[in-house]
K.L.:
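Please see the structure below; I have some questions.
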Amino acid sequence: MRTLISPSLPPLFSLHFPKPSLFSRPLLTSRHPLTTSSFSLNKLSTNSHHPSVSNRKSHTEASSNPSGEIHVVVGPMFSGKTTTLLRRILSERESGKHVAVIKSDKDDRYSTESIVTHDGEKFPCWSLPDLTSFKGRFGYDAYRNRLEVIGIDEAQFFGDEDLYEFCRVAADEEGKTVIVAGLDGDFMRRRFGSVLDLVPVADTVTKLASRCGVCGGKGLFTLRKSGERVRELIGGAEVYMPVCRRHYVGGGQGVLETARGVLESSTSQRNGTQDLAAAVTSVSPPF
Ligand SMILES: Nc1ncnc2c1ncn2[C@@H]1O[C@H](COP(=O)(O)OP(=O)(O)O)[C@@H](O)[C@H]1O
Ligand SMILES: Cc1cn([C@H]2C[C@H](O)[C@@H](COP(=O)(O)O)O2)c(=O)[nH]c1=O
Ligand SMILES: [Zn+2]
């Protein structure tokens, strides 16, 4: 049976022995000298060159432990969610675990082949529209018998039941460790996707904070600087900024909402459009 190990890589049927591979070496900053090797899963599965499937030991049987783990990492944008996920994945791999990372294919800001932190650190990943397709793409045999740790980034973009069921089954029934990174709240501080639904089934929940782009205090929330009101709007620092409570309520979203109301009424008269951020005293983050 042909199993596509990754849409972008040709399926290969072969046994590979551990060897360093450019593909399996994430492009990390120099402070992270990594030795890693690609490995074969087994002769039925295909190309183990997919960089997100890497392992230090080549023939370890996956643990048969029926009870896995779920670790959830949330916070505003720029708070270190992807960085934390990356650190944990690298640590698991260094301890000899088989790891794979998934992210939502909605996030195409930096790369479709890797998770990328705002500081530019990268790790190869599977960029998918949903989680249900992962086992088939990865290879059912390899998933069941080899894979031990799964990282999920941009988890807010996966569907409600999709994320919950994938993580619950992986940890409760398949003995996998799942590390989930995603926004808990959107720019209006409302729950975003179903990341928060994982709290009752999680081993740990970590809420991170950034630094306020106005005063340098605790950046607890994400302020959207533009006028769009749709929940899903892919973007980085050009659209979003971490802010403290004071500057979210007083100098941030609240002000933007007020300005939006003023502009919408005046725009309907003038038919002009204006960037809301220009209507509000612009604040430049200290970054
Ligand atoms: N306003 C900002 N604009 C751009 N980068 C930022 C800003 N605030 C913090 N950062 C950087 O973003 C890094 C965190 O990146 P990342 O782990 O990708 O965050 P997250 O996944 O939570 O969005 C921080 O270490 C910091 O260097
Ligand atoms: C607050 C908020 C964010 N988004 C988008 C913007 C980015 O593409 C991602 C979050 O990226 P991160 O830096 O890895 O946290 O989500 C959105 O669509 N809607 C929002 O309200
Ligand atoms: Zn502030």
Side-chain angles (χ1 to χ4, degrees), residues 26-29 31-32 71-90 101-112 114-123 125 127 151-159 163 179-196 206-257 260 277 280-287:
L27 309 174
L28 294 180
T29 51
R31 64 179 187 276
H32 300 283
H71 300 281
V72 180
V73 182
V74 298
M77 287 181 65
F78 313 109
S79 58
K81 302 186 298 297
T82 305
T83 301
T84 301
L85 172 64
L86 180 52
R87 295 280 179 276
R88 178 67 190 273
I89 288 292
L90 291 174
V101 179
I102 307 166
K103 78 170 178 182
S104 168
D105 64 2
K106 288 182 181 175
D107 177 47
D108 53 5
R109 284 170 294 169
Y110 300 116
S111 162
T112 55
S114 302
I115 58 170
V116 187
T117 74
H118 288 294
D119 293 334
E121 290 184 271
K122 295 184 176 182
F123 191 88
C125 74
S127 188
I152 300 175
D153 200 17
E154 306 299 341
Q156 69 277 1
F157 290 133
F158 287 115
L163 180 65
I179 307 149
V180 182
L183 291 169
D184 48 335
D186 62 15
F187 75 108
M188 298 299 287
R189 301 189 300 181
R190 310 298 289 178
R191 70 193 295 275
F192 197 168
S194 57
V195 179
L196 292 177
T206 305
K207 174 142 180 167
L208 302 173
S210 182
R211 283 198 300 132
C212 176
V214 179
C215 68
K218 246 189 176 186
L220 298 169
F221 313 119
T222 310
L223 179 73
R224 182 182 286 175
K225 297 187 272 190
S226 65
E228 288 92 342
R229 297 177 65 78
V230 290
R231 169 168 284 157
E232 290 189 7
L233 179 66
I234 305 303
E238 77 284 358
V239 182
Y240 296 101
M241 180 170 76
V243 287
C244 69
R245 188 179 301 277
R246 182 158 62 94
H247 287 117
Y248 181 91
V249 176
Q253 209 65 39
V255 174
L256 282 176
E257 287 304 300
R260 187 170 291 123
V280 177
T281 311
S282 64
V283 284
S284 54
F287 301 99

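For ligands, and for the atoms within them, numbers begin at 1 and follow the listed sequence.
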K.L.:
Using a 4.0 Å heavy-atom threshold (strictly under), name the region of Ser79 that reaches ligand 1: side chain, backbone, both or neither.
P.N.:
both

K.L.:
Between Arg87 and Glu121, does any side-chain N to carboxylate O distance fall below 4.0 Å?
P.N.:
yes

K.L.:
Of Glu232, Glu154, Gln156, which meets side chain to side chain donor-acceptor pair (under 3.5 Å) against Lys106?
P.N.:
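Of Glu232, Glu154, Gln156, side chain to side chain donor-acceptor pair (under 3.5 Å) with Lys106 is met by Glu232 alone.
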
K.L.:
Once you restrict to heavy atoms under 4.0 Å, what part of Leu183 touches ligand 2? Side chain, backbone, both or neither.
P.N.:
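Answer for Leu183: side chain.
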
K.L.:
For atom 21 (O) of ligand 2, grab the closest protein heavy atom and report residue, atom and distance to one decimal in Å.
P.N.:
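Looking at atom 21 (O) of ligand 2, the protein heavy atom closest to it is Phe187 N, 2.8 Å.
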
K.L.:
Give the numbers and elements of all ligand 1 atoms closer than 4.0 Å to a heavy atom of Thr117.
P.N.:
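Answer for ligand 1: 18 (O).
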
K.L.:
So is there a nitrogen or oxygen of Met77 less than 3.5 Å from a nitrogen or oxygen in ligand 2?
P.N.:
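So ligand 2 has no N or O lying under 3.5 Å from an N or O of Met77.
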
K.L.:
Is Ala181 near ligand 1, meaning one of its heavy atoms is under 4.0 Å from it?
P.N.:
no

K.L.:
For atom 15 (O) of ligand 2, find the nearest protein heavy atom and state the residue, atom name and distance (0.1 Å precision).
P.N.:
Lys81 NZ, 2.8 Å

K.L.:
Treating Lys103 as the side-chain partner and Asp108 as the backbone partner, does any N or O pair qualify as donor plus acceptor under 3.5 Å?
P.N.:
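Side chain of Lys103 to backbone of Asp108, a donor-acceptor pair under 3.5 Å: no, none is there.
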
K.L.:
Is a side-chain donor or acceptor of Thr222 paired with a backbone partner of Met77 at a separation under 3.5 angstrom?
P.N.:
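Answer holds: yes.
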
K.L.:
Is it the side chain (CB and beyond), the backbone, both or neither of Arg231 that lies under 4.0 Å from ligand 2, heavy atoms counted?
P.N.:
backbone

K.L.:
Can you check the angle at the Zn ion (ligand 3) formed by SG of Cys244 and SG of Cys215? Round it to the nearest 10°.
P.N.:
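It comes to 110°.
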
K.L.:
Atom 2 (C) of ligand 2: which protein heavy atom is closest, and how many Å away?
P.N.:
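The protein heavy atom lying closest is Tyr240 CE2, 3.6 Å.
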
K.L.:
Between Thr83, Val239, Val74, Leu233, which one has a non-hydrogen atom sitting closest to atom 5 (C) of ligand 2?
P.N.:
Leu233

K.L.:
Return the residue, atom name and 0.1 Å-rounded distance of the protein heavy atom closest to atom 11 (O) of ligand 2.
P.N.:
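The closest heavy atom on the protein side is Arg109 NH2, 3.0 Å.
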
K.L.:
In terms of atom number and element, which parts of ligand 1 are under 4.0 angstrom from non-hydrogen atoms of Thr83?
P.N.:
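Taking each heavy atom of Thr83 in turn, ligand 1 has 15 (O), 16 (P), 17 (O) under 4.0 Å.
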
K.L.:
Classify the angle between the aromatic ring planes of His118 and Phe78 as parallel (below 30°), tilted (30 to 60°) or perpendicular (above 60°).
P.N.:
tilted

